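Worksheet: the structure to be examined is printed underneath.
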Amino acid sequence: MLSKRTAYFISDRTGITAEMLGHSLLTQFDDARFLEETMPFVDTAEKAHDAVRQINERAANDGVRPIVISTLVNTEIAGIVGKANALFLDCFEIFISPLEKELGVKASHAIGRTHNVSDFVNYHHRMDSVNYTLSHDDGVSTRDLTEADVILVGVSRCGKTPTCLYLAMQYGVRAANYPLIPEDFSTMQLPSQLRPLRGRLYGLTIKPARLQQIRNERRPGSTYATLSNCEFEIREAEALMRQEGIPYLDATSKSVEELATTILQEAGLVRRIY
């Protein structure tokens, strides 16, 4: 196991792009451990010098150079940060320069193109999707359920809510979710509100032991959280989904990103934003 290294994600805006790219790169090194820190809004020379000071202090304390992954657009600011005692990876230099050569045109080097609200149509759509998803969480409201792009079903605490929120935030998808409960299993029928919308349903399931762990954190010692009850609900929910022809995923070992992306692809949903 290698010694722990500090990795800085530095940006003149939110840092989301640097975080996503940097984290994806670092996870490829199984034997290395990283302390990841984000420095957003480094958009002046003064802030750049302050970032260099912090990086150099960390290098001195750790006895090893930090790693800096930068999406700084301004070349002057990037040049300042690039002088820090660190491995400096300039994403714009790595990717933009070859693209300029290939396309035969110069990039604008404009700050904040990736995560801003300049495209008000897409931004409004995303906020509308998030509001819709929050309003249609856990079957709280069935009003305007026909406007959902997808409706996730499954037993309580199997991961429907975070997956719906990720679909709304990341992809602009109107995602509702509805719990399958023991009353549904006694009749082995979908709730009446969902029957006309069968084509928009997508299911999540989970291993009983994991569900018991999650439920016991929420309601310890309850019948709701017992292993036998979890086994019963999952068995019946899966049987109901198979009976109704509803595709479903096992969420036990999948991240919310994997779940959302798989549903997006398999359900044929339109990805409206990046």
Side-chain angles (χ1 to χ4, degrees), residues 129-215 217-219 222-271:
S129 296
V130 171
N131 287 331
Y132 180 87
T133 294
L134 290 171
S135 299
H136 294 79
D137 179 45
D138 210 29
V140 170
S141 172
T142 57
R143 181 184 178 187
D144 303 326
L145 204 55
T146 56
E147 296 180 10
D149 297 313
V150 66
I151 305 168
L152 299 191
V153 295
V155 299
S156 170
R157 313 303 292 178
C158 69
K160 300 185 299 299
T161 295
T163 303
C164 283
L165 286 172
Y166 191 90
L167 283 166
M169 277 291 297
Q170 198 70 13
Y171 300 130
V173 168
R174 283 188 159 208
N177 73 80
Y178 203 100
L180 297 177
I181 58 177
E183 285 80 355
D184 303 319
F185 308 143
S186 64
T187 62
M188 282 307 285
Q189 288 188 333
L190 289 172
S192 59
Q193 299 91 332
L194 300 183
R195 291 172 202 162
L197 304 170
R198 188 179 280 100
R200 302 185 199 184
L201 303 184
Y202 204 101
L204 292 183
T205 189
I206 190 171
K207 293 290 189 293
R210 176 58 180 150
L211 182 62
Q212 181 196 26
Q213 182 183 29
I214 295 170
R215 286 184 172 184
E217 291 173 357
R218 184 178 179 85
R219 290 168 57 183
S222 64
T223 302
Y224 166 79
T226 61
L227 181 59
S228 59
N229 185 60
C230 292
E231 289 173 336
F232 165 75
E233 289 193 26
I234 291 168
R235 182 175 62 249
E236 295 300 299
E238 289 181 357
L240 179 57
M241 288 188 286
R242 285 194 299 269
Q243 173 188 296
E244 299 295 332
I246 300 169
Y248 62 90
L249 285 172
D250 186 339
T252 307
S253 58
K254 287 184 172 61
S255 67
V256 67
E257 294 89 349
E258 289 178 292
L259 291 169
T261 304
T262 302
I263 293 168
L264 186 83
Q265 296 295 317
E266 294 190 357
L269 302 175
V270 177
R271 176 178 177 152

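Only a predicted model underlies this, so the values are computations on that prediction, with no experimental measurement involved. Computed over heavy atoms, backbone and side chain alike; hydrogens, waters and symmetry mates excluded.
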| field | Residues forming a salt bridge (Lys or Arg N to Asp or Glu O under 4.0 Å) with E244, sequence neighbours excluded | value | R198
| request: Find the distance between CG (N229) and OH (Y224) and round it off to the nearest 0.5 Å. | output: 9.0 Å
| request: List the steps and the verdict of side-chain contact (heavy atoms from CB on, under 4.5 Å) for Q189 and R195. | output: CA-CA 9 Å; Q189 288 188 333; R195 291 172 202 162; 3.3 Å; yes
| Going by an N to O cut-off under 4.0 Å, is there a salt bridge joining E233 and R157? | no
| 4.5 Å side-chain heavy-atom contact, L134 and C164 | no
| For A260, all residues meeting side chain to side chain contact (heavy atoms under 4.5 Å, CB included), sequence neighbours excluded | T163, Y166, L167, Y171
| With sequence neighbours excluded, what pairs up with E266 under the side-chain hydrogen bond (donor to acceptor under 3.5 Å, both in side chains) test? | Y202
| query | Sequence neighbours excluded, which residues qualify as side-chain hydrogen bond (donor to acceptor under 3.5 Å, both in side chains) partners of E147? | reply | R174
| field | I263 and V173, any side-chain heavy atoms less than 4.5 Å apart | value | no
| field | Check: L165 main-chain N/O paired with T133 side-chain donor or acceptor under 3.5 Å | value | no
| task | Over all heavy atoms of both residues, which pair between Y132 and A175 is shortest? Give the atoms and the distance, please. | result | CD2-N, 4.3 Å
| request: Please step through side-chain contact (heavy atoms from CB on, under 4.5 Å) for the pair R242 and Y248, ending with a clear verdict. | output: CA-CA 9 Å; R242 285 194 299 269; Y248 62 90; 3.1 Å; yes
| request: Take D184 and I181, measure what side-chain contact (heavy atoms from CB on, under 4.5 Å) needs, and give me the verdict at the end. | output: CA-CA 6 Å; D184 303 319; I181 58 177; 3.4 Å; yes
| field | By side-chain hydrogen bond (donor to acceptor under 3.5 Å, both in side chains) - contacts of R218 (at least two apart) | value | none
| query | To the nearest 0.5 Å, how far apart are CD1 in I234 and CG in L211? | reply | 4.5 Å
| S129 (side chain) donor-acceptor with G172 (main chain) under 3.5 angstrom | yes
| Roughly how far, to the nearest 0.5 Å, is the CG atom of L180 from the CG atom of L190? | 7.0 Å
| Looking only at atom types and distance, does a side-chain atom of N177 sit under 3.5 Å from a main-chain N or O of L152, one as donor and one as acceptor? | no
| query | Can you tell me how far the CG atom of L227 sits from the CD atom of Q212, to the nearest 0.5 Å? | reply | 4.5 Å
| request: Could you tell me whether a side-chain N or O of H136 sits under 3.5 Å from a main-chain N or O of Y178, the two making a donor and an acceptor? | output: no
| From CD1 (I214) to SG (C158), nearest 0.5 Å | 8.5 Å
All N/O donor-acceptor pairs, side-chain side in residues 203-210, below 3.5 Å, sequence neighbours left out:
{"residue": "T205", "atom": "OG1", "partner": "E238", "partner atom": "OE2", "Å": "2.7"}
{"residue": "K207", "atom": "NZ", "partner": "D250", "partner atom": "OD2", "Å": "2.4"}
{"residue": "R210", "atom": "NH1", "partner": "Q213", "partner atom": "OE1", "Å": "2.5"}

| Is there a donor-acceptor pair under 3.5 Å between the side chain of R200 and the backbone N or O of A148? | yes
| request: Applying side-chain contact (heavy atoms from CB on, under 4.5 Å), run through R215 and V155 and close with a yes or a no. | output: CA-CA 11 Å; R215 286 184 172 184; V155 299; 3.9 Å; yes
| Taking atom CG of L197 and atom CG of L145, what is their separation to the nearest 0.5 Å? | 5.5 Å
| Any luck finding a side-chain donor-acceptor pair between D137 and T161 under 3.5 Å? | yes
| field | Residue pair Q170 / L264, side-chain heavy-atom distance below 4.5 Å | value | no
